[in-house]
Amino acid sequence: MKPSSNNHRGLWASRFGFILAASGSAVGLGNVWKFPYIVGQNGGGAFVLVYLLCIVVGGLPIMLAEFTIGRRTGLDPVGAFRKLAPGTPWISIGYMGVLAGFLILSFYGVVGGWTLAYVAKAVTGSVGHFASAEEAGKFFGNFIADTPQVIFYHTVFMIMTMAIVLRGVHGGIEKACEILMPVLFFMLFVLMLRSLTLDGAMKGVEFYLSPDFSKIDGSVILTAMGQAFFS
């Protein structure tokens with residue numbers, strides 16, 4: 001799967017590397033941070049079932065179509081639609097894909113900077129000993145109000161991102177995913193075990209596994225569709 005001498009486009013060196021990168025695209029802040037919240041607000045297990053249905057009916061076909069287009073053309077989003085449907089409005093879908101990536105990066109870049117800041121503060125002992133959720137919230141509010149500090153960590157995160165991307169698919173993205181994705185899954189496993197030791201944990205598990213279909217309405221279905229598309 002490595003590029004030949006006459007093909008300068010970056011390719012994945014292994015199927016495992018691609019799976020890790022694809023997993024990293026799906027298992028992001030939207031699922032780790034937001035998903036538990038919207039599950040609690042929209043019927044617990046019932047929402048999860050609707051979400052999975054949206055994944056199968058909408059998300060999976062779209063993902064497979066994207067893979068097929070990319071594999072068939074070997075081009076960027078704009079070039080792919082220009083090659084497959086020249087002279088048609090379909091090329092606008094390619095431009096929308098590029099714009100979506102830019103807009104998502106504007107969000108993730110800021111939150112990524114927050115994450116780096118919290119890592120640094122955890123190492124120095126600034127976080128981790130809050131007496132209450134309110135105290136933790138106040139700490140976060142004070143942090144994001146410090147504009148120079150937020151910009152600094154945002155800049156560091158963007159420099160790290162650019163350094164990875166500039167190394168290409170195999171030498172940059174794939175190598176980074178081979179390290180970061182196992183670390184992420186280990187952290188999620190530790191968080192899961194820790195959550196199950198908290199007071200009232202079993203009530204949360206029962207709520208999650210006991211669907212309340214009375215809460216399912218049009219807005220809940222729309223929320224599930226949005227989460228599925230984001231994933």
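Note that this is a predicted model, so its numbers are computed, not measured.
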Membership question, hydrophobic clusters at under 4.5 Å side-chain separation (ILVMFWY): are [Y] and [X] in the same one?
X      : Y      : answer
Tyr51  : Ile38  : yes
Val110 : Phe140 : yes
Leu188 : Met181 : yes
Phe185 : Phe16  : yes
Leu52  : Phe35  : yes

On a heavy-atom basis, which atom in [X] and which in [Y] lie closest, and how many Å separate them?
X      : Y      : result
Phe229 : Ile62  : CE2-CD1, 3.1 Å
Asp217 : Ser219 : OD1-OG, 2.8 Å
Gly79  : Asp76  : N-OD1, 2.7 Å
Ser14  : Glu174 : OG-OE2, 3.1 Å
Tyr153 : Gly113 : CB-O, 3.3 Å

Looking at Arg167 and Gly171, would you say the former's side chain and the latter's main chain have a donor-acceptor pair under 3.5 Å? yes
Donor-acceptor contact below 3.5 Å, side chain His170 vs main chain Lys175: no
Taking side chain as C-beta onward, heavy atoms only, is [X] less than 4.5 Å from [Y]?
X      : Y      : result
Lys138 : Glu134 : no
Gln227 : Cys54  : no
Ile69  : Arg72  : no
Phe18  : Phe67  : yes
Lys121 : Phe143 : yes
Thr223 : Phe47  : yes
Val205 : Leu196 : yes

With rounding to the nearest 0.5 Å, note down the distance linking [atom1] in [X] to [atom2] in [Y].
X      : Y      : atom1 : atom2 : result
Leu49  : Ile216 : CG    : CD1   : 8.5 Å
Leu180 : Ile164 : CG    : CD1   : 6.5 Å
Phe186 : Leu191 : CZ    : CG    : 10.0 Å

Review item, side-chain donor-acceptor pairs of residues 87-107, under 3.5 Å, at least two apart:
unit_1, atom_1, unit_2, atom_2, d
Thr88, OG1, Ala85, O, 2.7
Thr88, OG1, Trp90, N, 3.4
Ser92, OG, Pro89, O, 2.6
Ser106, OG, Leu103, O, 2.4

Give a yes-or-no answer on whether the side chains of Thr197 and Arg194 include a donor-acceptor pair shorter than 3.5 Å.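 Per modelled atom types, Thr197 and Arg194 side chains form a pair under 3.5 Å.
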Show, in sequence, the C-alpha distance, side-chain angles and deciding distance for Met158 and Thr155, and conclude whether the side chain to side chain contact (heavy atoms under 4.5 Å, CB included) test is met. CA-CA 5 Å; Met158 292 303 299; Thr155 302; 5.8 Å; no
Pair Val220, Val50 - check side chain to side chain contact (heavy atoms under 4.5 Å, CB included), show working. CA-CA 9 Å; Val220 172; Val50 175; 5.5 Å; no
Phe157 and Trp114 aromatic centres sub-6.0 Å: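 No.
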Using a 6.0 Å cut-off, check whether atom CD of Glu135 has over 12 heavy atoms from anything other than its own residue.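 For Glu135, atom CD is crowded (more than 12 foreign heavy atoms under 6.0 Å).
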Do other residues, nucleotides or ligands put more than 12 heavy atoms under 6.0 Å from the CD atom of Glu66?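 Not buried by this count: 12 neighbours or fewer within 6.0 Å.
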